[in-house]
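In this text, all values refer to a predicted model and were calculated from it rather than measured experimentally.
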Amino acid sequence: YKTERPDLWEQVKEIRHVAFIEENNKEPIYEYDEADETSAHFIVHNDYRPVGCLRLTKIGEFWHVCRFAISKEFRSQGYATCLMQPLADFAQENDIHRLNIKIYKFMQGYYEKYGWIVDGEEYMEEDGHTYITVSYTHLTLPTIYSV
């Protein structure tokens with residue numbers, strides 16, 4: 001992805017930079033890592049403007065959704081949902097039966113609405129946010145319409 005479409009990689013980096021480094025005060029050293037080289041990246045656009053992205057990474061035998069970000073001015077408008085269907089399609093095409101994602105606790109209801117199940121205890125990280133892990137095993141998300 002990074003080498004095949006450097007233009008899209010730059011768009012992903014910009015979305016992640018704003019969402020994680022600027023808005024959440026994450027150290028840049030923690031935002032980009034070697035997993036970016038081997039992961040599948042997904043991006044959603046609004047009239048050719050990149051507005052959201054996520055990364056799907058295999059760690060051991062498990063697949064993890066991470067670096068999920070939507071540009072602030074486009075949140076709560078369906079763009080996160082637009083990323084879910086291609087993610088489910090990719091999982092089915094690649095015989096992936098389970099996806100995991102670490103989410104902010106306050107986002108739990110959103111994920112449960114689409115069939116994700118809490119898969120662990122709440123925990124707090126150094127950034128002061130409470131997180132929980134959810135997993136998805138059905139990989140048959142509802143039909144998604146573009147916004």
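- Using modelled atom types and a 3.5 Å distance limit, the side chains of His45 and Asp47 yield no donor-acceptor pair.
- At a threshold of 4.5 Å between non-hydrogen side-chain atoms, the residues His41 and Arg16 count as touching.
- You'll find the side chain of Ile21 reaches within 4.5 Å of the side chain of Tyr32, heavy atoms only.
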Q: Test Asp95 against His97 for side-chain contact (heavy atoms from CB on, under 4.5 Å), laying out the working first.
A: CA-CA 6 Å; Asp95 204 28; His97 300 286; 2.9 Å; yes
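- Rounded to the nearest 0.5 Å, atoms OG1 (Thr81) and OH (Tyr114) are 3.5 Å apart.
- Scanning both residues, Val118 and Gln108, for their nearest heavy atoms gives CG2-NE2, 3.1 Å.
- Just one of Lys105, Lys102, Lys26 meets the salt bridge (charged side-chain N to carboxylate O under 4.0 Å, His left out) condition when paired with Glu125; it is Lys102.
- Between Thr57 and Ala35, the shortest heavy-atom contact is CG2-CB, 3.9 Å.
- Proximity of Tyr111 to Met84: side-chain heavy atoms (C-beta onward) are separated by under 4.5 Å at one or more points.
- Of the N and O atoms on the side chains of Asp7 and Gln11, not one donor lies less than 3.5 Å from an acceptor on the other residue.
- Shortest non-hydrogen contact noted between Thr130 and Glu122 is CG2-OE1, 3.7 Å.
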**Q.** Verdict with reasoning, Trp9 to Asp36, per side-chain contact (heavy atoms from CB on, under 4.5 Å)
**A.** CA-CA 10 Å; Trp9 174 241; Asp36 282 321; 3.5 Å; yes
Q. For Glu31 and Arg67, what are the C-alpha separation, side-chain angles and deciding distance, and is it a side-chain contact (heavy atoms from CB on, under 4.5 Å)?
A. CA-CA 8 Å; Glu31 180 49 34; Arg67 309 302 200 273; 3.2 Å; yes
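- For the atom pair Trp63 CH2 and Ile96 CD1, the distance stands at 4.0 Å (nearest 0.5 Å).
- For Cys53 against Ile15, the heavy-atom pair with the smallest separation is SG-CG2, 3.7 Å.
- Checked against ring pair (Phe, Tyr, Trp, His ring centres under 6.0 Å), Tyr104 has the following partners two or more places apart in sequence or in another chain: Phe106, His129, Tyr131.
- Considering CD of Glu73 and CZ of Arg49, their distance stands at 4.5 Å, rounded to 0.5 Å.
- Residue Leu54 holds its CG atom at 10.5 Å from OG of Ser39, rounded to the nearest 0.5 Å.
- We find the NZ-CG distance between Lys58 and Asn94 to be 10.0 Å, quoted to the nearest 0.5 Å.
- If you take CZ on Phe68 and CD1 on Ile103, they are separated by 10.5 Å, rounding to the nearest 0.5 Å.
- Between Gly52 and Ile70, the shortest heavy-atom distance links the atoms CA-CD1, 3.7 Å.
- Across all non-hydrogen atoms, the minimal contact from Leu99 to Trp116 is O-CZ3, 3.7 Å.
- Transitive grouping of hydrophobic side chains (ILVMFWY, heavy atoms separated by less than 4.5 Å) keeps Phe20 and Leu56 in distinct clusters.
- In this view, Glu14 satisfies the salt bridge (Lys or Arg N to Asp or Glu O under 4.0 Å) rule with no residue, not counting sequence neighbours.
- Both Val65 and Tyr123 belong to a common hydrophobic cluster when Ile, Leu, Val, Met, Phe, Trp and Tyr are linked at side-chain heavy-atom distances under 4.5 angstrom.
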